[in-house]
Protein chains: 2
Amino acid sequence: MAAPRYLEIKKRIMKEIEGKPVSTPIASERELAVQFDASRMTVRKALNELVEEGYLYRNKNKGTFVAERSLHKKNTAADSFLKKEETNHKLLYFNVKEIPDAAKRLNLPADELILRAVRLTLNDERPVTIEEIFLPYKSVDYNEMNEINTILDMNPYIQNGRLTQRFIPMLIPSQYSNLLEVKMGTPIIMVDSIIYDPAGNPVALVNLYHNPREKIIEITS
Amino acid sequence: MAAPRYLEIKKRIMKEIEGKPVSTPIASERELAVQFDASRMTVRKALNELVEEGYLYRNKNKGTFVAERSLHKKNTAADSFLKKEETNHKLLYFNVKEIPDAAKRLNLPADELILRAVRLTLNDERPVTIEEIFLPYKSVDYNEMNEINTILDMNPYIQNGRLTQRFIPMLIPSQYSNLLEVKMGTPIIMVDSIIYDPAGNPVALVNLYHNPREKIIEITS
DNA sequence: AAGTGGTCTAGACCACGCA
DNA sequence: GCGTGGTCTAGACCACTTC
């Protein structure tokens, strides 16, 4: 299917406002509809998304304006999973066994087999995060078992599903101190995440141990 | 103005699905439009918000379904500011002076006067959070100076504005250890927040020191 | 009075899933 | 072939601000 009209309009408006000073007014919805030869509702859909994402803001009865660029919405907690440019993963360890605690949190019987993987995320050679990933073994596609990185790619799940994250303060676990190059006794944040499918069934459990020097958790909403 | 039609429809659908098991299909958009004697676009607006908030999920070409209740979207970091039932604030301290560091982060000249207030949030008598609030003194309405709690109510700003939060791991500051009833040396999370107006101008700076026993930071998205 | 965003309507076509 | 959600249209009225 061709890309929807409103997405094209959205892109063109984004290009249009790029570099404009904060609070610059943009054309009214009716004008934009004429410019783009689209209905006002379609233009509104594009504008609504741009407002939602923090590129624009509205002022009722007055107009729509360019917002501060640094305030584009960002939830870097979810970004933890997303692969950036200079970021790569190094698998440290994985096995399959019963892990009752993890099974419980995945709504599974305690004796269910769990795939546990531990990997290190590096950004430009510097250690950023240790990830402990717990997956129900039965959900793993056997054809992919030789390509463990495909299995551990959480993006597809997060796209359509939902994410609950708990931020836990702790001292760095001793076994990760060297790997993250963080001194023993340093306070860190461990992000305890459960990924759900749209219906609310748990799909994966992930614990992220962040190196506070390299990974600042910042959320803009 | 009367409440918009779509909000009423939204409420009625929420009541309708309340208590229904996960994955129960609801009526199609066209049926609902007939039921509520509204256009399909209006029904869609109501449904879209319910999906956005995590009450429903869609399955293209199949239908719309009830989502897991525990997965309603919640960002408890912003909730930190919202007054709950059993929650109340106890003002510990406030004054007005130059605070160059705070002024800088509020995009003000270093010699600008800053109102600094420190208060303790209690939940059912238990200490939950210490809040350090920094406001440009010139933005304070003098008529309100005798009602400091009105000034420190951040809700109106957050409603229409934007929020950037950084999550900082640290050991509990010694001066807050007793107040929060947290042992010295305990790792905690400090949430460093800046509240902006829609155009991106900083309005307030707030540091939240969370008691990890009482305040679990949890985000569902 | 003119212009703005917010809401609403009564249609329409599309791609896709399913029987 | 029918039903679904996703997109789109060409209008309309409202409350409000600005001139």
Side-chain angles (χ1 to χ4, degrees), chain A residues 1-14 16-17 20 22-67 159-162 197-199, chain B residues 1-14 16-17 20 22-67 159-162 197-199:
Chain A
M1 189 181 111
R5 191 90 173 83
Y6 77 92
L7 283 181
E8 188 209 327
I9 293 176
K10 195 177 153 186
K11 278 183 200 164
R12 286 171 62 180
I13 295 175
M14 259 198 284
E16 181 65 23
I17 64 175
K20 287 204 178 168
V22 176
S23 301
T24 308
I26 67 168
S28 77
E29 297 177 351
R30 288 165 179 85
E31 285 177 51
L32 290 170
V34 173
Q35 275 184 37
F36 293 125
D37 190 28
S39 83
R40 196 183 144 208
M41 290 303 268
T42 302
V43 169
R44 269 184 71 78
K45 177 145 187 173
L47 290 179
N48 281 337
E49 292 201 359
L50 290 170
V51 168
E52 188 56 37
E53 293 165 16
Y55 289 90
L56 298 173
Y57 65 96
R58 298 183 194 274
N59 227 329
K60 212 176 148 180
N61 308 318
K62 290 191 180 169
T64 305
F65 307 86
V66 176
Q159 298 296 345
N160 300 314
R162 305 172 63 68
D197 69 16
Chain B
M1 189 180 109
R5 189 93 174 81
Y6 77 91
L7 282 182
E8 188 208 326
I9 294 176
K10 195 177 154 185
K11 279 183 197 165
R12 286 171 65 179
I13 296 176
M14 258 198 283
E16 181 66 24
I17 63 175
K20 286 204 177 167
V22 176
S23 299
T24 309
I26 68 169
S28 76
E29 298 177 352
R30 289 165 179 84
E31 286 176 50
L32 290 170
V34 173
Q35 275 182 39
F36 293 124
D37 190 29
S39 85
R40 197 183 144 210
M41 289 302 268
T42 303
V43 170
R44 268 183 73 78
K45 177 146 187 173
L47 289 178
N48 281 337
E49 291 202 358
L50 289 170
V51 168
E52 188 56 36
E53 293 165 15
Y55 289 90
L56 298 173
Y57 66 94
R58 298 182 194 273
N59 225 327
K60 212 176 149 180
N61 308 320
K62 289 189 179 169
T64 305
F65 306 87
V66 176
Q159 298 296 344
N160 300 315
R162 305 174 61 72
D197 70 14

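Lettering of chains follows the sequences in order, A, B, ..., and the numbering in each one begins at 1. Keep in mind that what you see is a predicted model, and the values were worked out from it rather than measured.
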Asks: Exactly one of B:R5, B:K45, B:E53 should register a side chain to side chain contact (heavy atoms under 4.5 Å, CB included) with B:K10. Which one does?
Replies: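 Going through the options one by one, the only one that passes is B:E53.
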Asks: Contact between A:L47 and A:R58 at the side-chain level, heavy atoms closer than 4.5 Å - yes or no?
Replies: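 Side-chain contact under 4.5 Å: yes.
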Asks: Can you tell me how far C1' of D:dG5 sits from CD1 of B:I26, to the nearest Å?
Replies: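 Checked: the CD1 to C1' distance equals 11 Å.
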Asks: Ignoring backbone atoms, establish whether A:Y6 has a side-chain N or O less than 4.0 Å from OP1 or OP2 of D:dT7.
Replies: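 The answer is yes; a side-chain N or O of A:Y6 sits under 4.0 Å from OP1 or OP2.
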Asks: With hydrogens left out and only the distance checked, is there a donor-acceptor pair under 3.5 Å joining A:R5's side chain and the base of D:dG6?
Replies: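 A donor-acceptor contact between them is absent.
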Asks: Expressed as a whole number of angstroms, how long is the span from B:E29:CD to D:dT7:P?
Replies: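 To the nearest whole Å, that distance equals 11 Å.
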Asks: For a side chain to side chain contact (heavy atoms under 4.5 Å, CB included) check, start with the C-alpha distance between A:E49 and A:Y6, then their side-chain angles and the critical distance, and finish with the verdict.
Replies: CA-CA 10 Å; A:E49 292 201 359; A:Y6 77 92; 3.4 Å; yes
Asks: Would you say a side-chain N or O of A:T64 is under 4.0 Å from OP1 or OP2 of C:dG5?
Replies: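 For A:T64, the contact criterion (side-chain N or O under 4.0 Å from OP1 or OP2 of C:dG5) is met.
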Asks: Tell me which of B:N61 and A:L7 sits closer to the 5' end of DNA chain D, going by the nucleotide each one is nearest to.
Replies: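 In this pair, the answer is B:N61.
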Asks: Can you check the B:K60 NZ to D:dT7 C1' distance for me, whole Å?
Replies: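 One finds 10 Å between C1' of D:dT7 and NZ of B:K60, rounded.
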Asks: Check whether any side-chain nitrogen or oxygen of A:T42 sits under 4.0 Å from OP1 or OP2 of D:dT9, and answer yes or no.
Replies: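 Result: yes.
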Asks: If I take atom CD in residue B:E8 and atom P in nucleotide C:dG6, what distance separates them, rounded to the nearest angstrom?
Replies: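 Atom CD in B:E8 sits about 21 Å away from atom P in C:dG6.
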Asks: B:R44 CZ to C:dT7 P: how many Å, rounded?
Replies: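 It works out to 16 Å between those atoms.
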Asks: Regarding D:dG6, can its base be found pairing with the side chain of B:R40 as donor and acceptor, where the two atoms are less than 3.5 Å apart?
Replies: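 Yes, the side chain and the base share a sub-3.5 Å donor-acceptor pair.
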Asks: Are B:K45 and C:dC8 close enough that a side-chain N or O sits under 4.0 Å from OP1 or OP2?
Replies: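 No, no such contact exists.
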Asks: Is A:S28 close enough to C:dT4 that one of its side-chain N or O atoms is under 4.0 Å from OP1 or OP2 there?
Replies: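 Yes, because at least one side-chain N or O of A:S28 sits under 4.0 Å from OP1 or OP2 of C:dT4.
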Asks: A:L47 has an atom CG; how far is it from atom P of C:dT4, in whole Å?
Replies: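 Distance check: A:L47 CG to C:dT4 P gives 13 Å.
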Asks: Is any NZ, NE, NH1 or NH2 atom of the basic residue among B:K11 and B:E8 found under 4.0 Å from an Asp or Glu carboxylate oxygen of the other?
Replies: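 So B:K11 does not pair with B:E8 through a salt bridge.
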Asks: Distance check: side-chain N/O of B:R58 vs OP1/OP2 of D:dT4, anything under 4.0 Å?
Replies: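 The answer is no; no side-chain N or O of B:R58 sits under 4.0 Å from OP1 or OP2.
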Asks: Between C1' on C:dG5 and CG on A:L50, what's the gap in Å once rounded to a whole number?
Replies: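 So the two atoms are 16 Å apart, to the nearest Å.
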Asks: Taking B:E16 first and then B:R12, would you say they form a salt bridge - that is, a charged N and a carboxylate O separated by under 4.0 Å?
Replies: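 No.
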Asks: Which whole-number value in Å describes the distance from A:N48 CG to C:dG5 C1'?
Replies: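 Between C1' of C:dG5 and CG of A:N48: 10 Å.
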Asks: What's the closest nucleotide to the A:R30 side chain, out of D:dC8, D:dC13, D:dG5?
Replies: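 Selected nucleotide: D:dC13.
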Asks: Reckon B:K62 has a side-chain N or O less than 4.0 Å from the OP1 or OP2 of C:dC18?
Replies: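 Yes, B:K62 has a side-chain N/O under 4.0 Å of OP1/OP2 on C:dC18.
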